[in-house]
Amino acid sequence: MKNYPRQSKDITALIRPQVRKLAAYHVDETKVRIKLDAMENPFPLPPAMRSEIAAAVKNSFINLYPDPSAKELKKAIASFWKMKPEQMILGNGSDELIQAIILAFGGPVLVPTPTFAMYDITAQALAQEVVTVPLNAAFELDADLMIKKAKTSKAKVIFLACPNNPTGNRFSDAAIKRILDKANAAVVIDEAYYSFSGKSYLSLLKSYPNMIILRTLSKIGFAGLRVGALVASPGIVQELNKIRLPYNINSLSQTVAGCALKHREILNQQISLLISERKKLYNELSNLAGVTVYPSETNFIMIRTLADASAIHKELKQKGILIKNLNKPGPLKNCLRVTIGTPEENKEFLMTLNRILATQ
Ligand code: PMP
C-alpha cells in the first residue's frame with residue numbers, strides 16, 4: 001500500500017470555489033464609546049426586568065437540550081405579534097431563517113439592490129445563483145423589472161426587506177402586491193424593522209401561499225439572544241422544519257426572550273422613543289449643509305454626504321462614534337448609515353458630525 005503523502009497541499013483548495021471567493025460579512029469590532037452601526041436598541045432593560053430574567057435563568061437546566069421546537073417561546077412571540085404558532089418557525093436570528101429558505105428552495109435568488117447583504121452572501125455560500133435588480137433613484141422597487149427578471153431567470157425565491165436595509169424606506173404596497181401576484185417564486189417579506197414602521201404584510205398571508213414573513217427580536221432589544229421568526233403557509237413550514245437544525249434556539253435564549261416579551265409596555269415605550277428620536281434626528285440632519293437625508297421607517301437613517309463619506313466615517317470613529325460606512329461606487333456612493341441611539345448619543349453624533357463637516 002502506498003504511503004499517504006504527508007500533507008503538503010493547501011487543504012483550503014478543496015473548499016468549494018463559491019465559498020473561497022466570498023468576502024465575509026464585515027463587522028467592525030473597534031471598541032467605541034458610542035456604537036451606532038448595527039441597529040441595536042441602545043436602552044438596557046430596567047433593573048426589575050433584569051432581576052426577573054436572572055431568576056428565570058437561575059432555574060434553567062443547561063445540562064439538558066433545549067425544547068427542540070421552542071414551544072413556549074413560539075407562543076410568547078405569537079401572542080406578542082398576533083401570529084399563529086403552528087405557522088411559525090424560530091431561527092438563531094433571522095439570518096438562520098434566510099439560510100433555511102435558500103437551502104430549501106435553492107436558487108436563483110432574486111434581490112433588489114442595494115439591500116441586506118446576507119441574502120446574497122448566503123445564496124453564494126450555498127452555491128446558488130443571485131440575480132439582482134437595481135432600485136430606482138428613490139430606492140423604490142421596479143416591480144415590472146423584478147417580475148420580468150424572476151420569469152427569465154426562473155427565480156425560486158425573492159427577498160424584499162420591507163423596510164429596506166440600508167436605505168431605510170418601505171417599498172410601495174402596490175409594487176409588493178404586484179410581485180406577490182405575478183412572480184412564480186417564494187416571496188420573502190423581511191420585516192426586520194416592522195416595529196419602527198408599524199406596517200406589516202402578515203394579514204396577506206392567507207391570500208398569498210407563496211409569501212413568507214420574517215421578523216426578528218434583534219432590533220427591539222434582544223440582538224444578543226439571536227431569535228428570529230418565520231411565518232408562512234403550513235406547507236412551507238412543514239418543509240422548512242425538515243431542514244431546521246434540531247435545538248437551534250438555545251435554552252437561555254428561550255427562557256430570556258420568553259420572560260422579556262411579557263413586558264410589552266416597556267418594549268413599546270422604548271420603540272416609541274426611538275421613533276421620536278429618529279424623527280428629530282431626521283429633521284436635524286436635513287438642516288446640515290452638504291448632507292442629503294433619506295426618509296426612514298426603521299431605527300436607522302441613511303445619509304449621503306457631499307464630502308468624502310469614508311473620511312467622515314473615519315473621523316467619527318477616531319472620536320469614539322461608530323456608524324456604518326456604505327461608501328462604494330454606485331448607488332451608495334458617499335452614503336453612511338447611522339443607528340438611532342439614546343437621545344444623548346444622537347445629540348453627540350450630530351454635534352460631532354457638524355464639527356467634522358465644517359472642516360471638510
Ligand atoms: N433582515 C434584515 C433586513 C436586517 O437588516 C437584518 C440585520 N441587519 C437581519 C435580517 C438579520 O437579523 P438577525 O439575524 O439579527 O435576526
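Both counts, for ligands and for their atoms, begin at 1 and track the order of listing.
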Report summary line: For atom 6 (C) of ligand 1, the closest protein heavy atom turns out to be F116 CZ, 3.4 Å
Report task. Provide, to 0.1 Å, the distance between atom 1 (N) of ligand 1 and the closest protein heavy atom, together with that atom's residue and name. Result -> D190 OD2, 2.6 Å
Query raised in the report: Salt bridge or not for K317 and D28, using N-O below 4.0 Å?
Result: yes
Report task. Kindly confirm or rule out a cation-pi arrangement of K199 over Y201, judged by NZ or CZ under 6.0 Å from the six-membered ring centre and within 45° of its axis? Result -> yes
Requested in this report: For ligand 1, find out whether one of its N or O atoms is nearer than 3.5 Å to an N or O atom of S218.
Outcome: yes
Requested in this report: Check whether any side-chain heavy atom of V291 sits under 4.5 Å from a side-chain heavy atom of V293, and report yes or no.
Outcome: yes
Query raised in the report: Are any of the heavy atoms in G228 under 4.0 Å away from ligand 1?
Result: no
Requested in this report: For G93, take its heavy atoms, then give the atoms of ligand 1 lying under 4.0 Å from any of them.
Outcome: 14 (O), 16 (O)
Query - Option set K219, E191, E96, M39, criterion heavy-atom distance to atom 8 (N) of ligand 1, minimum - result: K219
Query raised in the report: Should the pair R215 and Y194 be classed as cation-pi, given the thresholds of under 6.0 Å to the six-membered ring centre and 45° from the axis?
Result: yes
Query - Taking atom 4 (C) of ligand 1 as the reference point, the nearest protein heavy atom with its distance - result: Y193 OH, 3.6 Å
**Report entry** atom 12 (O) of ligand 1 - nearest protein heavy atom and its distance
**Finding:** S94 OG, 3.3 Å
Report summary line: Quick look: D95 vs ligand 1, heavy-atom contacts under 4.0 Å, and the answer is both
Query raised in the report: Aromatic ring centroids of F116 and Y119 under 6.0 Å?
Result: yes
Query raised in the report: How about K347: does its NZ atom have over 12 heavy atoms from other parts shown lying under 6.0 Å from it?
Result: no
Report summary line: Of all protein heavy atoms, the one nearest atom 14 (O) of ligand 1 is R226 NH2, 2.9 Å
Report task. Using a strict 4.0 Å threshold on nitrogen-to-oxygen distance, state whether E315 and K319 make a salt bridge. Result -> yes
